[in-house]
Amino acid sequence: MAGGGDELKLLGMWASPFVLRARLALSFKGLSYEYVEEEIFGNKSELLLKSNPVHKKVPVLIHNGKPVCESRIIVEYIDEVFGATGPSLLPADPYDRAVARFWAAYIDDKLFSSFMMIIMGKTDEEKAQGTKGLFAAAETLEAALEECSKGRPFFGGDSVGYLDIALGGFAAWVRTRDVIAGLKHFDPKKTPLLAAWLERFCALHAAKAVMPDVEKLVELSKMREAQQAAAAAAAQTN
Amino acid sequence: MAQPQEVKLISAFGSPFGHRAEVALKLKGVPYELILEDLENKSELVFTHNPVHNMVPILLHGNQAVCESLVIVEYIDEAFDGPPLLPVDPYDRAMARFWAHFMEHRWLKPFWLSLWTNDEVQKGFIEETKENLALLEARLNGNRFFGGETIGYLDIVACMLAHWYDVLEEVTGVSLVSDNDYPALRRWAREYTSNEVVKQCLPDRDLLVAFFTKRKEKYIMFANALLSQ
């Protein structure tokens with residue numbers, strides 16, 4: 001069921017990897033929607049609070065007035081409702097679908113928590129732990145990519161699929177950390193397939209159309225670190 | 001039609017995650033062999049078939065391994081014929097997945113920690129658990145099951161709210177709900193645990209009480225370690 005009569009609205013925040021997943025899915029499917037930017041450090045809108053009362057978080061996809069929450073669930077929903085529009089995102093085979101869902105859950109667990117440690121870590125030690133975790137997750141995902149792609153360019157095979165989108169949501173964050181740390185976290189020597197995948201994915205027209213600006217993310221990260229340092233200094237003097 | 005492939009479920013006694021997979025298999029009418037692991041002494045099967053997490057349950061279908069209980073239940077629904085476990089309508093499916101995600105990521109940790117901690121910290125977890133229970137009570141919306149008239153995906157995912165819930169209350173002495181709270185959930189728990197298919201996959205109550213009682217000190221230690229991270 002595609003095209004006319006379908007009203008799609010996405011509540012998001014430009015820096016969020018989870019919102020990016022939803023935008024990537026809509027982009028790869030070629031679907032039009034209204035994008036609503038929620039304030040990053042401001043008050044949450046009435047619409048967001050009404051649409052996601054349980055978590056009060058973005059992304060929220062509102063389809064003909066009905067809200068769908070949680071990025072992975074949104075991607076599956078888009079794939080199921082707009083099956084006739086654009087490419088299929090989930091694989092056709094039940095086992096391949098299970099493998100894709102398994103790795104998407106892994107990314108939300110291990111990759112995301114590593115980023116959180118780097119970003120929110122209060123000590124250099126904590127941040128280093130996060131970086132270590134990120135490298136370890138990348139190595140595991142390298143093996144996953146080999147298993148899923150079977151020599152083809154993407155996790156989804158010849159074209160982008162659900163798992164490419166699940167990991168692709170984090171592409172901008174990976175590149176941002178690369179700039180800040182001055183090294184590649186998807187290291188071409190340790191994780192060649194993953195490094196190549198990242199370049200290939202980010203070069204796709206449908207990805208470029210929605211990918212946040214890495215320079216802006218670097219700026220945001222520096223601003224956050226300054227705030228953390230100021231808070232830490234204030235705590236010392238009180 | 002190809003020869004049906006052998007199905008094995010690697011699980012562990014008392015595991016609600018393993019229970020989810022078992023109930024799904026039984027509801028679909030899929031014959032399977034159940035292999036129970038001792039989680040304190042895992043066999044090669046676990047390390048071989050779940051190298052990433054080394055956890056159960058693991059579903060073996062022929063020579064393919066599926067891990068993570070929510071992924072397994074969806075796989076069972078898609079790979080085998082039989083009555084659908086997830087709703088048919090895409091929006092209802094999204095809602096079922098949303099509440100399953102809620103159970104795993106919002107409900108589970110505070111509930112578990114409310115059982116094994118004490119003082120102010122425990123009070124906080126109990127409050128959080130009660131808020132989550134209220135949301136689930138509202139979700140039931142007067143229906144017999146989360147799936148409506150029959151057991152579905154979300155009922156299976158929420159199994160801990162049934163059988164395990166009052167076993168853990170008994171073992172720990174922690175009372176999260178008094179007799180008049182959450183009547184819909186209470187009724188749901190009775191309906192779920194008295195279902196003919198579900199009953200076959202529930203661990204024996206007395207054995208489960210003994211199982212948790214034996215491990216009480218360990219769980220308290222782990223909970224405190226988790227908090228100090």
Side-chain angles (χ1 to χ4, degrees), chain A residues 1 6 18 22 51-57 60-83 90-110 112-113 117 121 126 129 136-137 139-141 143-144 147, chain B residues 5 7 21 24 28 30 49-53 55 57-81 85-107 128 131-132 134-136 138-139 153 229:
Chain A
M1 188 181 97
D6 275 305
F18 303 106
S51 308
N52 191 355
V54 174
H55 301 299
K56 305 178 177 64
K57 285 186 184 169
V60 180
L61 180 75
I62 305 176
H63 181 207
N64 294 335
K66 296 194 332 185
V68 182
C69 309
E70 298 299 325
S71 65
R72 284 187 278 137
I73 295 174
I74 290 171
V75 176
E76 288 215 46
Y77 177 78
I78 289 168
D79 200 36
E80 288 176 13
V81 172
F82 300 101
L90 270 290
D93 175 72
Y95 179 67
D96 294 338
R97 292 157 79 89
V99 170
R101 287 173 179 143
F102 172 88
W103 287 114
Y106 174 87
I107 289 164
D108 280 2
D109 178 11
K110 303 288 186 208
F112 180 58
S113 61
M117 245 195 265
E126 268 179 54
Q129 270 292 87
E139 281 192 42
T140 306
L141 288 168
E147 179 194 344
Chain B
Q5 293 179 305
V7 176
K28 287 294 231 189
V30 177
H49 296 298
N50 192 352
V52 176
H53 300 298
M55 298 213 293
I58 303 164
L59 183 79
L60 291 175
H61 188 191
N63 58 7
Q64 293 180 327
V66 183
C67 307
E68 293 296 299
S69 64
L70 296 187
V71 177
I72 292 172
V73 175
E74 286 218 44
Y75 175 77
I76 290 168
D77 200 26
E78 292 172 0
F80 300 101
D81 293 329
L85 300 174
L86 267 97
V88 170
D89 173 72
Y91 189 75
D92 295 338
R93 292 160 74 80
M95 285 296 101
R97 287 172 177 146
F98 173 86
W99 286 103
H101 188 267
F102 176 87
M103 291 292 311
E104 288 301 77
H105 298 276
R106 263 276 286 267
W107 154 263
E128 213 181 322
E131 282 167 20
N132 291 337
L135 287 169
L136 289 162
R139 180 65 200 165
Y153 173 73
Q229 272 177 5

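Model, not experiment: these values are computed from the prediction.
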Over 60° means perpendicular and under 30° means parallel, so tell me whether His55(A) and His101(B) are parallel, tilted or perpendicular.
perpendicular
What is the ring orientation for Phe80(B) with Tyr75(B), classed by angle as parallel under 30°, tilted 30 to 60°, or perpendicular over 60°?
perpendicular
Going by side chain to side chain contact (heavy atoms under 4.5 Å, CB included), Phe102(B) matches just one of His105(B), Arg106(B), Glu104(B). Which one?
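Option passing the side chain to side chain contact (heavy atoms under 4.5 Å, CB included) with Phe102(B): Arg106(B).
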Could you look at [X] and say if it's the side chain, the backbone, both or neither that has a heavy atom under 4.5 Å from chain B?
X         : result
Arg101(A) : both
Val99(A)  : neither
Ala98(A)  : both
Pro67(A)  : both

Below 4.5 Å from any heavy atom of chain A, which atoms of Arg93(B) appear? Answer side chain, backbone, both or neither.
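The answer is the side chain of Arg93(B).
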So, the part of His61(B) with a heavy atom under 4.5 Å from chain A: the answer is neither
Are His63(A) and Tyr91(B), when compared by the centres of their aromatic rings, separated by less than 6.0 Å?
no
Shortest non-hydrogen separation from Leu141(A) to Ile107(A) and the atoms involved:
CD2-CG1, 3.9 Å
